[in-house]
Protein chains: 2
Amino acid sequence: MSRQQLLTRLKTKGYKLTQQRQQILEILLTTTSRLSALEVHRLLQKRQVKISLDTVYRNLRLLVEIGALQQISLQSGAVYELVQQDQLHSHVICVDCEKVVCIPAGPALQNSMELAGAAGFTILSHNMEIYGRCSGCSNNNSDC
Amino acid sequence: MSRQQLLTRLKTKGYKLTQQRQQILEILLTTTSRLSALEVHRLLQKRQVKISLDTVYRNLRLLVEIGALQQISLQSGAVYELVQQDQLHSHVICVDCEKVVCIPAGPALQNSMELAGAAGFTILSHNMEIYGRCSGCSNNNSDC
DNA sequence: AATGTAAATAAGAATATTATTATTTAGCAA
DNA sequence: TTGCTAAATAATAATATTCTTATTTACATT
């Protein structure tokens, strides 16, 4: 999701573009790895941005709600990544080492979204996680 | 998932059947609504069962991990329900009133599970949530 | 540019959830 | 039955996340 798309989506939904929100978006747009709320907060502090941790949490939640971010629930906490509209995917998560692998979710999702729509819902976002054990952890690889 | 299936699955995975665990299962098997960890704990205390909240959390997490429970992440916290193997479903959640509606997930899941398997994962459980706004909340029904 | 207003923030309090460690227990095997 | 051992529990302590309220800010409109 591009910077322009994010800004448009926020404005459309009636949300303001505060300094803090802008800075959070900047982090998300320029970081490739998945980030936790705490990590976003730390990165912002490194950049001398004054922002409360609570605000980071609140905004990440908001961005999930409007479908801009995808949330991944790990044992160690939640992490976030920008939604890639051209490449919708689900996550497979290793319960031991927390490795995350993406798998395409196109058709699977399509069907579900339609059913949700039929139930009278206006869909905002979605989240699909599959939990398992990766081959490394199944074989007790210590370096996994 | 039946009592027998639960017990078998625990034993198969090498887990013990403690008094506390047994009582948690009892609650899950005899309650139809979805429960939070706190609610399970309260219900147990009503039954004079001595158990720490921590143990409830730990066991619910374990039961999710072995695929006996399905976890639903609401804004107000996580709730749990027994997996219905003959009726696999996903959840559609209203971001305003937290109403939860089930939709069948068979084919959608099938495809994803295969992809996860192909990635080398041994699959333990899964979780699919679709977030949106129900018709009531879209129309600002106060009683929604 | 000044103003009104809904939305957003900060600060700190409150909850929810998870980790640590010493002690206890289930279930197997002698 | 008794003893053994891995697993489980309880009791904190520590984190993660959310809520409350007073104050500040974006931005639409004058």
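Sequence lines set the chain letters: A, B, ... in the order given, protein chains first and strands last, and positions in each chain run from 1. Computed from a predicted structure; not experimentally measured.
Nucleotides of DNA chain C nearest to B:Ser76 and B:Arg61 differ in position, and the one nearer the 5' end is that of B:Ser76.
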Pair A:Val49-A:Gln20, side chain to side chain contact (heavy atoms under 4.5 Å, CB included): steps then yes or no
CA-CA 8 Å; A:Val49 176; A:Gln20 290 89 339; 5.6 Å; no
Does A:Leu25 form a side chain to side chain contact (heavy atoms under 4.5 Å, CB included) with A:Leu17? I'd like the steps, not just the answer.
CA-CA 10 Å; A:Leu25 294 179; A:Leu17 186 59; 4.3 Å; yes
Candidate pair B:Leu28 and B:Leu6, rule side chain to side chain contact (heavy atoms under 4.5 Å, CB included), full reasoning:
CA-CA 11 Å; B:Leu28 294 171; B:Leu6 278 173; 6.0 Å; no
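Side-chain contact check for B:Met128 versus A:Leu109: some heavy-atom pair is nearer than 4.5 Å. Put simply, the side chain of B:Thr30 reaches to within 4.5 Å of the side chain of B:Glu26, judged on heavy atoms.
Contact between the side-chain N/O atoms of B:Gln19 and the OP1/OP2 oxygens of D:dT9 is not found at any separation under 4.0 Å.
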Using a cutoff of under 3.5 Å, can you pull out all pairs of nitrogen or oxygen atoms linking the protein to nucleotides 27-30 of chain D, with atom names and distances?
unit_1, atom_1, unit_2, atom_2, d
D:dC27, OP1, A:Leu17, N, 3.2

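B:Leu115 contributes atom CG, which lies 8.0 Å from atom CD1 of A:Ile130 (distance to the nearest 0.5 angstrom). The CZ atom of A:Arg9 sits 6.5 Å away from the NZ atom of A:Lys13 when rounded to the nearest 0.5 Å. Here B:Ile66 contributes atom CD1 and B:Leu10 contributes atom CG; the two are 4.5 Å apart, rounded to the nearest 0.5 Å. Put simply, OG1 on B:Thr8 and NZ on B:Lys11 are 8.5 Å apart, with the number rounded to the nearest 0.5 Å.
Each of B:Leu35, B:Leu60, B:Ile72 was checked for a side chain to side chain contact (heavy atoms under 4.5 Å, CB included) with B:Tyr80, and the lone residue meeting it is B:Leu60.
For residues 27-58 of chain B, proximity to DNA chain D is found at B:Lys50, B:Ile51, B:Ser52, B:Asp54, B:Thr55, B:Arg58, defined as any non-hydrogen atom under 4.0 angstrom from a strand atom.
The outermost nucleotides of DNA chain C lying under 4.0 Å from heavy atoms of chain A, listed 5' to 3', are C:dA6 to C:dA19.
Taking atom NZ of B:Lys13 as the reference point, atom P of D:dA7 lies 15 Å away to the nearest angstrom.
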